[in-house]
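Chain naming here is simple, since letters A, B, ... match the order of the sequence lines and numbering starts at 1 in each. Reckoned from all heavy atoms, side chains included, excluding hydrogens, waters and symmetry mates.
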Amino acid sequence: MSLLLQGGRVIDPSQGIDAVLDILIENGQVKALGERLSGQGARKIDCHGLIITPGLIDMHVHLREPGEEWKETIATGTLAAAAGGFTAVACMPNTQPPNDNAEVTRFILKKASQEAFTRVYPIACITKGQKGTQLTEFGDLKRAGAVALSDDGRPVPDAFMMRLALEYAKNFGLPVISHAEELSLSQGGHVNEGLASATLGLKGIPAEGEAIAVFREIMLAKLTDAPVHIAHVSTKVAVEIIRWAKKQGIPVTAETAPHYFTLTEEAALGYNTYAKVNPPLRSAEDREAICQALSDGTIDAIATDHAPHSDLEKFIEFEQAAFGLVGLETALALALRLVNQGLLSLSRAIALLSTNPARILKIAGGSLRVGSPGDVTVIDLEKKWVPRKENLHSQGKNSPFLGWELQGQAVMTIVEGKITFSRM
Amino acid sequence: MNASFTANHILDIASLSEEDIFYILKLALNLKEILHRPIPKVPTLRGKLVALMFFEASTRTRLSFERAAKSLSADTLSFTARMSSVEKGETLLDTILNLESMGVDLFIIRHAMAGTPHFVAKHSRARVINAGDGFHAHPTQALLDMLTVYQKKKTLSGLKIAIIGDIKHSRVAHSNIVGFRKMGSEVYVAGPATMLPLEREALGARVCYRIETALDQADVVMALRVQKERHGRALLPSVREYAQEFGLNLKRLELAQKDCLLMHPGPVNWGVELAPELQNDPRNVILEQVENGVAVRMALLVALLGGNA
Ligand SMILES: [Zn+2]
């Protein structure tokens, strides 16, 4: 079956296109892009007044399966992703068991092929059991379908181990994603060190700890001439180091999450466990620097770090509550908020949410070029909506944005030419 | 007293208004008289049930609350557990809701984790008093400290308060910084820099690295209890060095105002925070703080549970 999307404003940063065009998808691929396409026999979808973009790609989510299915599953997590306009997600390996061997990678892909609403790209562990002492079998993992490596949830504590990982990953062209955290400074911390830790009487997690870890990764990328990708950048100091490194030509890319460009540490005041996340929400100055970095290209991607938890992990003492928040269904609207505030162009926002993550992970998609996968997101920029526990598709309701009045929502998500979610 | 009290819970000083604080201090001054009667007991809170939930050991604060509740004829339930609720396999929320079903009107909560009283207040219909949560707040201690200062100085504004010691791990310091700043006084904090985080400036405190700067012309000098070990790491080379560099003695107190008040939340490590020569010093008001503690806690119970004072 083929689809003809008619009369939408097509924004494709990969080709520099921003124009009202039709797009024809056939056999799971973009078949044609142009004015007034005929598309005989295709199902026609009226997209006047809507935005059409390459399918959004979230390069950092936690799907919790295998092992923590009460929090999320591949089915519910990808449904939330499709509802949020994503056509692909890359899932982090800190499951139970962790994705540190080809068997787990194959399990995830098999489940995804049966139940998922988006493409699923497994990210495998850098070290066995994420213990930081022994490399996983990068070759075997790649053959099984892993697209990248990360010990996300924790850093690789040892610089030499990280060096080995960056070096060995070069054999397989696998991107290495760093959760940059200096554990000896952050251990026992719960919120940003500063206003939040002082006000709440909790041990703080200093911004400088992130900066130290980011600098280590950048030096190792320089030493090994291997690319490194920094996950969830949250601080001004880290942004400045990354900006400097890029100027030096060191192969580093970076992502941030919507909560870091939207919220500050004040969201956690009052011991709001839904705003407890690692890295923690930072100061207003950090937030501004993140916005700036998104617009000037220092940060390459917006990824949600979607981290669903049940209220068993959240309706308890703050110090015991789990870190993390859900983000798949609010990410697009929060990115569009920056567009509405004049901080980002629409095309730049789509690059951050689609084209760039595809490039960093070296996966198909992120483009509407003829012959690209038929992965498309249709967006209504005007649509006003309010995230509530009842209308989120994720099993995790731990969002600090519940009750917010948001504008802009995906109204149709198309994966390989098939509609996986629609509000039209 | 015509002013009304607006708070539903006593979770921290930050959430109390200046008027609320004065209301409590004045009520406490009135109620204090009861403690000097031959039978120090009034029927004000007869029929009210107060649960003392001490998840962290504290003899003094618990006894002070118990004395306050009994002087007002409230019934008390005592719950002491060193274990956290999670280790017991029962969630804190379950524990609280169970006690609420037994008719508890007010929870007094001491917990090693910051924010726990706030959590209980959010999920329970009963009133909550924070009796100390982690390194966050100890509002009843700050109120009794303010009462002691108010009684002696007749004001809480325009004073210089010096707090000396382990500022980082002290909920007493935290609540007193917020409280005295709110009432219009300056708060200087000093101590070993490993226990003196710059972030306290976010609360309005002035961080000093020389103890003399804090003590200079101070109206109130508050020493804090010192623990050498925190999180298994020594933040101090030795207790001996602490006493030498940061301990208060007659000579150091000369820097402060002649009529300064010397305070300590107790229990004192004599010879560490305070030199033994200060034990009977006229500026030492530590035992008055203890008596004021009972009066302030009585006032809080009356303010939250009603009854005719
Ligand atoms: Zn991470």
Side-chain angles (χ1 to χ4, degrees), chain A residues 70 183-209 235 237 264-277 280-286 309-323 398 400 402-403, chain B residues 9 11-15 55-56 84-87 90-97 109 111-123 130 132-139 167-175 177-178 189 196-205 207 230-233:
Chain A
W70 72 92
L183 279 178
S184 68
L185 287 174
S186 63
Q187 234 150 29
H190 298 279
V191 292
N192 188 39
E193 177 158 339
L195 177 74
S197 63
T199 308
L200 297 172
L202 293 165
K203 184 163 187 295
I205 301 174
E208 289 75 6
T235 62
V237 268
T264 66
E265 57 191 319
E266 290 189 38
L269 300 186
Y271 300 97
N272 176 12
T273 54
Y274 282 3
K276 181 179 178 185
V277 59
L281 300 172
R282 304 288 190 178
S283 72
E285 202 187 345
D286 289 308
H309 290 292
S310 80
D311 281 342
L312 290 174
E313 291 90 24
K314 285 291 192 181
F315 274 23
I316 50 176
E317 299 87 327
F318 193 92
E319 291 186 34
Q320 303 248 339
F323 287 100
N398 48 312
L402 297 176
Chain B
H9 308 284
L11 300 178
D12 48 39
I13 296 290
S15 52
F55 295 91
E56 185 188 69
S84 77
S85 52
V86 170
E87 284 164 279
E90 179 186 2
T91 70
L92 176 64
L93 197 53
D94 274 343
T95 310
I96 292 296
L97 295 179
I109 298 175
H111 203 289
M113 289 181 213
T116 304
H118 300 67
F119 172 76
V120 172
K122 214 179 285 178
H123 294 285
N130 180 359
D133 63 326
F135 303 140
H136 173 230
H138 196 348
I167 307 296
K168 185 172 188 156
H169 303 102
S170 173
R171 52 195 170 210
V172 176
H174 191 286
S175 285
I177 292 168
V178 175
V189 296
L196 194 61
L198 275 171
E199 61 180 24
R200 285 296 178 275
E201 287 180 346
L203 305 178
V207 173
R230 289 283 184 186
H231 309 297
R233 298 228 186 168

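With a 4.5 Å cut-off on side-chain heavy atoms, Glu317(A) and Phe55(B) do not count as touching. Tyr271(A) has its side chain within reach of Asp133(B): a pair of non-hydrogen atoms, C-beta onward, lies under 4.5 Å apart.
Contacts of Lys122(B) with chain A are made by side-chain atoms alone, with heavy-atom separations under 4.5 Å and no backbone atom involved. Within the 4.5 angstrom heavy-atom criterion, no atom of Asp12(B) approaches chain A. For Ala14(B), no part lies under 4.5 angstrom from a heavy atom of chain A.
The environment of CD in Glu285(A) is sparse: at most 12 heavy-atom neighbours from other residues, nucleotides or ligands sit within 6.0 Å.
With rounding to the nearest 0.5 Å, the separation of CG in Leu203(B) from OG1 in Thr199(A) is 5.5 Å. Annotation: the span from Glu319(A) atom CD to Phe135(B) atom CZ amounts to 8.0 Å, rounded to 0.5 Å.
Heavy atoms only, all atoms of each residue included: Glu199(B) and Ala198(A) are closest at O-CB, 3.4 Å. Closest heavy-atom contact between Phe119(B) and Phe315(A): CZ-O, 3.1 Å.
Phe318(A) has its ring centre no less than 6.0 Å from the ring centre of His118(B).
Not a single donor-acceptor pair under 3.5 Å links the side chain of His174(B) to the backbone N or O of Leu200(A).
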